Structures are given as structure tokens and as C-alpha cells.
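Just below is one structure, and these are the notes that go with it.
Atoms considered below: every heavy atom in the structure, side chains included; atoms not considered: hydrogens, waters and symmetry mates. None of these values were measured; they are calculated from a predicted model.
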Amino acid sequence: MDCDLTESVIKKIIREVGQECAAQGQTVSETLVAFMVKAVVLDPRNDFSVDQSLTKKDVQNLIQLCVTRLLDTTNPSLSTIKMQVYFDMNYANRAELLSEQLQVLEGRLAPVVRGITGSRPHVQEMENVYRKIVSYVLLSSGLGSPTDTAVVREVTAALQSVLPQTEIITFISLSKKNKKQQLKNLAMLVTGIRLYNKECGKGGSNIDDLPGILSEAIPSATRVVDEDLNTCHTLAHQYTALLESMQEDQHRYMQLSSFKLKEALFNVRQYEAFLCILLSDAITSAQEVEKMNVQFAATMEQLKNTVQNKASVDTREVFPLFVALSDLWTSFQNEMLLLSFLTNMINNLQQFFEIHSQIFPEEVLMSLLEGVTVRSDEERIRETMGTRVNVSDFKNQEWLFPETADNFDQLLIQYHGFCAHAIGVKGLILPGNPAIGILKHKERYYVFSSKEAAYIFAQDPDKFIQLNAEKAKEHAELIQLLEFCHQFEYLAPYAQARNAEKCLMKPTIKCDNSTQTDTHILPPTIVTSYEWNEWELRRKAIKLANLRRKLTHATQTDLSHMRRQNSTQVYLPKDVSTQTKCDNSSNVPRPQIFLEGLQGGSSPTTHMVKVDLTRAVDET
């Protein structure tokens, strides 16, 4: 099937599934429907082939299966998938959240900034520009409402102490880039002045006590998360114990097979994983707030000591302190934003956890647990702390232990740290114990719940990895829970797939090693001219200073000038030969001329005749 055609078919299926669910009173998002469509196609029990084109009958069957699963609100699997989709679409870490908030604030301030920096107003409009600057300072600081007259008056007074109205012409003459930078500086200075006035009891209208609010709200949010985590742990341990009893007793299996215990266990473990992420963020916020409280108090005390009721203070001393107060207060505001975000996430995740009280009321769960031994994750790990894999039993496998790897606790364990053997074989999520040994297979790391499970898995790792993948196809919620991002990239959440390679960490192997070096392999570098005695150095310095004023005289006499030893060096003569032209000779004809009539003739009128008897050159 053509790629574009396949995409159009998938969009059509998603649209029809959404419409069908809406017609039956269930509103679902396109993201949830898309995930469900892929999960249904992936499930081998539905007999869909990923490599073949879907017939019309297959499309109708796929739509019906997706609608059925999306409408089954009593299935913990659906709640888990909804929870995963919600978390992936809404969660952001500290850096991402603060970056988004900064972009929102800049977008809100952009029209005000353009109104201040975009043109050069006339002298009559200077007062209007000043009011815009006051609005910018108030909006950027977030301290009070622009409609509150008392707040506007206080901001205007603080701004006049930094930028009097008489200097507005100088501000207008700046370039656009310098204006923007100056606006930010003015906002921070005015914010710092208002915070100082609030501390001195001279102002600070509508400024909340953010440090005090955070000091109470963060521990409260942390307690809520801790309580939910304790509930998760209890339910996870109970569900695990019931599932183990089902595998050991056939009668128990028949009794509990209709309760969807595995789906409930997956839901609890996923909720627990998300709560741990939020709890880690809350702890980080608490640590940041504690440090900022100390810095804020120290900066405020330093500012008080600098001012000390003086009539005038050097701006080079107080302005940096005002800016520091403003930066710290911005950090407090950021922590308030993060706390609000975490609180909303915690409250919204609880709706996906409420299904347990519907499926397993407390009295029903207690009756099922009669005669069943419930062990916590910590108890399971303690039971296996004394056992360890014997490396000599394996020839081709590499095992890591705390004493053989420096970053043992930082390795990225596959399957979210759960036992790699129990997932595919038993369908259980059991906590792995790294102390037994971490198996390194194809640059990935696996832990196990027992020594026996480790030995069985190590015999054929690829086989059990494939079993785990097949189990994830049957239960699509395991793909995110157990982090199958490298096997199901098209179904893995965006954030998980993005950070998968980034988080991959290779172990730093430990080994015993020794080196030996020769004693004094280099020649000694003792400085003979070194002196530790400063008085000796003083004497040398005086001696050198005296030498600068001395002259050296020398004389030479006739009796002594020949006694000086001297030496020279010369280059010995070399044998040199040259070649000259060879001797040669040539023979040219001798000129011979015969003159006739020199001795007279028989006739007096006879003339003298000149005859050239010289031979030609080529005849010679």
C-alpha cells in the first residue's frame, strides 16, 4: 500500500473511531485513538498483519475493536493508556516549562515593547511613552495588577528614582536594541526597589510573600505524593501476591481470573512511576527554594547595610543588589509556577487511579487476600541479598557488580528495573535486585528477582527478550511502563524516545592495576644559585647594584701584547678542478691575386688585368 494512502486510511480510521465513541457519549482525543489503533493492530490475538494492506473488512473490524476497548471504562488497561497519553502530552521538565513560560511572557510584552521602541515620538508624546514604560515594568515583574492605582503609583515613584521624566529624551534617542536592554534593566531595578521598600515597611503593595507560601506549599504537595505512593505500594504488593497465588494454585486461578489483576497491577506500577517523577521534581524545588531563601536574606541584609538611612547612595553599590533581588524574586515566581504545574499533574493523574476502588473494594480485596502472604518490594530484595551469580558459570556473558563498575547505581537498567525473566514467563512485574548481578547483553543491562531467574535468562537472553516483547504486544501499556522504546519506536512516547539514547550510560569497569617507575629517571634539577636566606639575597642585590656604577679598565704594553694566547680555525683547502674548452684549429685559403700587364705589353694601349686565384673554401 502506498505511504500516502496508508496515512489517509489511518486518519480515516481515527476519525471514525472518534465519531463512534462520541456518538455513544465518550469523548476521546485523537492521540488516544491513534495509540489505541496501533495497539490493537500490534496485538497478535487480533490477527492483523502489519506488513499487509488492510481490506475493507479488516478496517471495519479494527474500528469495532478500538471502539470496544475505548468504551470499556471498567478495564484498568484503558485507564493506564489514558494516563500515559495524558502524562506524555502534558508533562514537561523544569527547563522546558520555564522556557515555555518565558516565551509566553515575551509574547505578552511584545506589543508594549513595540509601542515603546518602535517609533520616535514628538516632545508632546513623551509623557505617553513614560506611562508605557511603567506598564512594561509592572507587567514584566508580575507584582500587582496594572489596574490597581496604588500599585501603578508605587511603580511610577520607583521608576522616577531610576529614570526621571527629564531623561526620557535620552532614552528615546537610543537604538532599538539598546532600548530593549534598558527596559529589562529598568524592570529589574524597579522590582528590586519595591522589594526593598516592602522589607522596610514603606511599600510593596500587592506583593505576596512567595518564600513563605513556597515553604508551606511544597511540603504539603510532597506529603500528598507520599501518601499516594504508599497506597500504590500497598496495592502493588497485594496484586503481586494474588497473581503469584494464581500460578501456584489452579483453584485460585479459576477464582481470580476474571478480576483483571495483571491490568490492575500494570496500572498501579505506572501510576507509581509517574508519582516518583513528580516527587523528584518537588524535592528539587524544595532544595532550590531553601537555597534561594538564604541568598535572598543575605542580599537584603547587605542592601540594608549599604543604605543605612543615607540621603544618597552610590548607584554602583546599590543597583547590582537591586538586580540580584529581582533575579531571586523571579526564581521564586518560577518555583511557584512549577509547584502549580506539579499540583495540577498530581490532581489530574488521580482520576486514572480511581478505578481500583471500583474493581476491588476494600472488603473484596481483603477477602481475596485471606491466606495469602503479601511481601513488599523491600522484603523481596532483602530475601535475595545473600545470593549472587557465579561469574565462572558463564563463559560468554558479562556480569557487573558494585565492586566492578564505578557507576553501578547509574546504569540504565532495562524494563524500568523490573525482573527481565518474570515479565515474559510469568507476566508479572517483580522488582529486580542488582546485587544478584547485572547482565550485560548487547550493550543493555538486565536485573533479576532471584538467582535462579538470572541463570535461566542468561542461557538464552534473546529468547526471553522476545517473550517480553510479545507480552508487551498483548498489553500495550507495558511499552511505556517497561520502556520498550528501542523495540517499539513508533509506539513509544515522544519524550521517552527522545531521551532513550541520551540516557544510555556505559559502565566504568574497575580492575586492579599497578605501575613501577625508576628512581630519579631524570637528571637532578637542583638550582645551585637558589638562596632561601633573604639576607643573602639582599647582599647579592646590593652587589649587583654596586656593579652598575663600576667600570673595568685594561691596559696593554709592548712587552705583553705578544703573550696573549690566541687561536684561530681555518678551513683546509679543497681539491677543485674545472674543465675548459678544448683546442681546435681551422684552415682557410690563402688569398692569391695575379695582375697581368705589369711588365708591359706589345701594344701601348694594353690595360692591366687583375685575376683572383684564391681557391674556394669548400675546396680547402
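- Note: Y415 and F484 have tilted aromatic rings, judged against thresholds of 30 and 60 degrees for the angle between ring planes.
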Test L229 against C276 for side chain to side chain contact (heavy atoms under 4.5 Å, CB included), laying out the working first. CA-CA 8 Å; L229 276 175; C276 288; 4.1 Å; yes

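- We find that R380 and E244 are joined by a salt bridge, their nearest charged nitrogen and carboxylate oxygen being less than 4.0 Å apart.
- Between F360 and A264 the shortest heavy-atom distance is CE1-CB, 4.0 Å.
- With respect to R94 and E335, a salt bridge is recorded, a charged nitrogen being found less than 4.0 Å from a carboxylate O.
- Between the side chain of H421 and the main chain of A454, no donor-acceptor pair closer than 3.5 Å is present.
- Counting non-hydrogen atoms of neighbouring residues, nucleotides and ligands closer than 6.0 angstrom, the CD atom of E290 reaches no more than 12 such neighbours.
- Heavy atoms only, all atoms of each residue included: G424 and K471 are closest at O-CE, 4.1 Å.
- The environment of Q350 atom CD is dense: over 12 non-hydrogen atoms of other residues, nucleotides or ligands sit within 6.0 angstrom.
- Defined by atom type and a distance below 3.5 Å, a donor-acceptor pair is missing between the side-chain atoms of Q270 and Q480.
- The main-chain N or O of E263 is never found under 3.5 Å from a side-chain atom of N267 such that the two would form a donor-acceptor pair.
- Within a 6.0 Å sphere centred on CE of M89, other residues, nucleotides and ligands contribute 12 heavy atoms or fewer.
- When the shell of 6.0 Å around CD of E362 is examined, it contains 12 or fewer heavy atoms from other residues, nucleotides or ligands.
- Ring planes of H475 and F266: perpendicular class, angle over 60° (limits at 30 and 60°).
- The aromatic rings of W329 and F332 stand perpendicular to each other, their planes meeting at an angle above 60°, with 30° marking the opposite boundary.
- Using a 3.5 Å distance cut-off with no hydrogens or angles, the side chains of T73 and N75 do not pair a donor with an acceptor.
- Counting non-hydrogen atoms of neighbouring residues, nucleotides and ligands closer than 6.0 angstrom, the NZ atom of K198 exceeds 12 such neighbours.
- Between the side chains of H356 and Y271, not a single donor N or O lies within less than 3.5 Å of an accepting N or O.
- Of the possible donor and acceptor atoms, one in the side chain of Q351 sits under 3.5 Å from a partner among the backbone N and O of N348.
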With ring pair (Phe, Tyr, Trp, His ring centres under 6.0 Å) as the test, would you mind laying out the steps for F464 and Y446 before giving the verdict? CA-CA 11 Å; F464 292 100; Y446 303 89; over 10 Å; no

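- Relative orientation of the F319 and F322 rings is tilted, given thresholds of 30° and 60° on the angle between their planes.
- Donor-acceptor pairing under 3.5 Å is recorded for the side chains of T147 and S145.
- Within a 6.0 Å sphere centred on NZ of K304, heavy atoms belonging to other residues, nucleotides or ligands number more than 12.
- Results of the side chain to side chain contact (heavy atoms under 4.5 Å, CB included) test with I207 over N197, L143, V151 single out L143 as the only residue that passes.
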